[in-house]
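Quick note: residue numbers are just sequence positions, from 1. If you're wondering where the values come from, they're calculated on a predicted model, not measured in any experiment.
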Amino acid sequence: MNVHKALISGASIAGLSTAFWLSKAGWQVTIIERASTFRDGGQNVDVRGIARDVLQKMGLEEQVRNQTTTEEGTAFVNEKGQIVGAFPVEDSDGMTAELEILRGDLARIVLEALPPHVDIRYGESIEQVTNHWDHVDIQLHSGQTETYDLLVIAEGIRSRTRDHVFGDRVSRNELGLNIAYGTIEREAEDDRWWRWYTATGGRQISLRPDNQGTIRAMLAFKDDKHNLASLPREQALAELQVIFAGAGWQDDRVIQGFATSKDVYFDYLTQIKMSTYSEGRVCVTGDAAWCVTPIGGGGSSLALIGGYVLAAFLSQAESNEAMSIQSCLDQYEQWMRPMVDKAQSLPPGTPDLFYPQTKVGVGTMQTFIRIASFGPFRKLASRIGHVARTKQELPEIRMTQTTPQASL
């Protein structure tokens, strides 16, 4: 039996999950990553619903539990830091998930679990894709041209390779929401709760604990006219200082912390929607295919699920010659599409509803939070919108006889 070869472009959670499962299914897997080294760091991500089932199948759940951020719950506060409503970790899929972990930590756990025969090349990227009915030719930045049975694009929301291959079948839904993330110094009064403050002018500030003795901070604001992610870093920081002047609570602390933080980055929230997830011998997964944004939630869970589901259907082609790779890709899309569509179908008025402009709007939101945090309503409210908990039966993955299965 000929061994199928796959090239995966992108070495974050979606690409690494796909590599893990394709290699277990007997494929020869190569990963390329534009960055010169593994990209560590990042903000909190979570593993929810059936993504936990995937993590268990990988044999990695205990490792993730050992590296969680130790967050104990989510507390909404007013301008004086007084708690308006609190949602402790009493539901594994609540606002603070049972498995909260830094993005870089989760990616590294999957990376270190890859079989040794997976080839990983950093500082490499795709220049040209030539798609054929039975293979794909890839011209790389290094000058090499290589041939594979499948190209998996997992390059994230701004994937150039995806745009080149799929063109106008990629659409973008900009939500008009800017978010700045960064790591700042921990202070004595900081605890293990995610503290979230909403100010007038469509502004929000949040502070989250991590497992490294620092605080992960976020500044977010709703404004269709500003896209700070498109500006040079220093200019974006200067704009941020003006926008959050007088916001209240810990505005000065975060702004000053961002001025010296080494990992501040800006995002202009944009959903990615595609009319198809595959074309010939090329497919997409993760944020490159369906970015749901933090508003939809569950992006890291969908990345883990997508890698497993793609590999599961492709593994079934090994034992059924009548089942072409293209039909496997179609099944992968059919399985993922309902879950992705649900994650991208935001409640009416989102995100404006959660980013009020006036004092009346902020007061109304605080009243809603106060009521929702009462015992009878708390669990229901904390689970709203977390699509990855939706129960769908995972397809079976066919392992090769030479693949170790002790961890499954």
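- When atom types are taken as modelled, the side chain of S261 and the backbone of G257 share no donor-acceptor pair closer than 3.5 angstrom.
- Ionic pairing of R158 and D267 is present here: one or more N-O contacts between side-chain nitrogen and carboxylate oxygen are shorter than 4.0 angstrom.
- Considering every non-hydrogen atom in both I153 and T161, the closest pair reads CD1-CG2, 3.7 Å.
- Checking side-chain atoms of S300 against main-chain N and O of D46 turns up a donor-acceptor pair under 3.5 Å.
- In this structure a side-chain-to-backbone donor-acceptor pair under 3.5 Å is missing from W335 to L394.
- Side-chain contact annotation: R192 with T70, donor-acceptor N/O pair under 3.5 Å present.
- No hydrogens or angles considered: a donor-acceptor pair under 3.5 Å links the side chains of N78 and Q82.
- When side chains are defined from C-beta on, I83 counts as touching R195, because their heavy atoms get closer than 4.5 Å.
- Separating the CG atom in L237 from the CZ atom in F258 is a distance of 8.5 Å, to the nearest 0.5 Å.
- Of the N and O atoms on the side chains of T293 and Q271, not one donor lies less than 3.5 Å from an acceptor on the other residue.
- The two atoms that bring W193 and G73 nearest to each other are CE3-C, 3.3 Å, heavy atoms only.
- Residues I120 and L111 form a side-chain contact, since some pair of their non-hydrogen atoms from C-beta on lies under 4.5 Å apart.
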Derivation of the side-chain contact (heavy atoms from CB on, under 4.5 Å) call for V136 and I138
CA-CA 6 Å; V136 58; I138 312 293; 3.7 Å; yes

Report the C-alpha distance between F20 and V54 in whole Å, list the side-chain angles of each, state the deciding distance to 0.1 Å, and finish with yes or no for side-chain contact (heavy atoms from CB on, under 4.5 Å).
CA-CA 11 Å; F20 179 95; V54 173; over 6 Å; no

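- Counting all heavy atoms, side chain and backbone alike, A11 lies closest to L16 at O-CD1, 3.5 Å.
- Salt-bridge annotation for D163 and R172: present, with a side-chain N of the basic residue lying under 4.0 Å from a carboxylate O of the acidic one.
- Counting only distance, with no hydrogens or angles, the side chain of D210 and the backbone of G213 share a donor-acceptor pair below 3.5 Å.
- Counting heavy atoms from C-beta outward, F76 and T198 have side chains that stay 4.5 Å or more apart.
- Within the 4.5 Å cutoff, side-chain heavy atoms of R103 are placed close to those of S12.
- When only modelled atom types and interatomic distance are considered, D137 and T147 share a side-chain donor-acceptor pair under 3.5 Å.
- Cation-pi check for R208 over Y181 is not met; the charged atom does not lie both under 6.0 angstrom from the ring centroid and within 45 degrees of its normal.
- S315 places no side-chain N or O within 3.5 Å of a backbone atom of I397 that could act as its donor or acceptor partner.
- Distance check, rounded to the nearest 0.5 Å: CD of Q63 to CG of L55 gives 9.0 Å.
- For the pair K5 and E146, the salt-bridge criterion is not met [side-chain N within less than 4.0 Å of a carboxylate O].
- Under a 4.0 Å N-O distance rule, the pair E155/R162 does not qualify as a salt bridge.
- A pairwise comparison of heavy atoms in H117 and S23 identifies NE2-CB, 3.9 Å as the closest pair.
- Counting heavy atoms from C-beta on, the side chains of T130 and T145 never come closer than 4.5 Å.
- Looking at Y332 and S278, their side chains never bring a donor and an acceptor atom within 3.5 Å of each other.
- Checking side-chain atoms of Q344 against main-chain N and O of W290 turns up a donor-acceptor pair under 3.5 Å.
- Counting only N and O atoms by type, the side chains of Q139 and E127 include no donor and acceptor under 3.5 Å apart.
- More than 12 heavy atoms of other residues, nucleotides or ligands sit less than 6.0 Å from atom CD of Q144.
- Q331 places no side-chain N or O within 3.5 Å of a backbone atom of F313 that could act as its donor or acceptor partner.
- The CG atom of L310 lies 6.0 Å from the CG atom of L22; values are rounded to the nearest 0.5 Å.
- Distance CG/L177 to OH/Y355: 4.5 Å, rounded to 0.5 Å.
- The local environment of CD in Q235 is crowded, with over 12 non-hydrogen atoms from other residues, nucleotides or ligands closer than 6.0 Å.
- Looking only at side-chain heavy atoms (C-beta outward), K222 and D352 come within less than 4.5 Å of each other.
- Donor-acceptor pairing under 3.5 Å is recorded for the side chains of D330 and Q326.
- Judged by distance alone, the side chain of D190 and the main-chain N or O of E187 form a donor-acceptor pair under 3.5 Å.
- Y308 contributes a side-chain N or O that, together with a main-chain N or O of P395, makes up a donor-acceptor pair within less than 3.5 Å.
- Residues P348 and L353 approach most closely at O-CD2, 4.4 Å, considering heavy atoms.
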side-chain contact (heavy atoms from CB on, under 4.5 Å) for F166 and V282? Distances and angles first, verdict last.
CA-CA 9 Å; F166 292 90; V282 181; 4.2 Å; yes

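- Y268 approaches E174 most closely through the heavy-atom pair CE2-OE1, 3.6 Å.
- Atoms CG and CD1, on L140 and I126 in that order, are 7.0 Å from each other to the nearest 0.5 Å.
- Judged purely by atom type and a 3.5 angstrom limit, Q204 uses its side chain to pair as donor or acceptor with the backbone of F354.
- No donor-acceptor contact under 3.5 angstrom links the side chains of T69 and E100, judged on distance only.
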Could you go through Y277 and R337, starting from their C-alpha distance and side-chain angles, then the distance that decides it, and tell me whether this counts as side-chain contact (heavy atoms from CB on, under 4.5 Å)?
CA-CA 9 Å; Y277 295 159; R337 181 73 70 176; 3.6 Å; yes

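- Here Q56 contributes atom CD and E62 contributes atom CD; the two are 11.0 Å apart, rounded to the nearest 0.5 Å.
- Ring geometry for H4 against W27 counts as tilted: the plane angle lies between 30° and 60°, on a 0 to 90° scale.
- Using a 4.5 Å cut-off on side-chain heavy atoms (C-beta onward), L219 and I243 make no contact.
- For the pair L240 and F221, the minimum side-chain heavy-atom distance is below 4.5 Å.
- Applying the 6.0 Å contact sphere to NE2 of H164 captures more than 12 heavy atoms from other residues, nucleotides or ligands.
- Summarising the local packing, CG of D168 is surrounded by 12 or fewer heavy atoms from other residues, nucleotides or ligands at distances under 6.0 Å.
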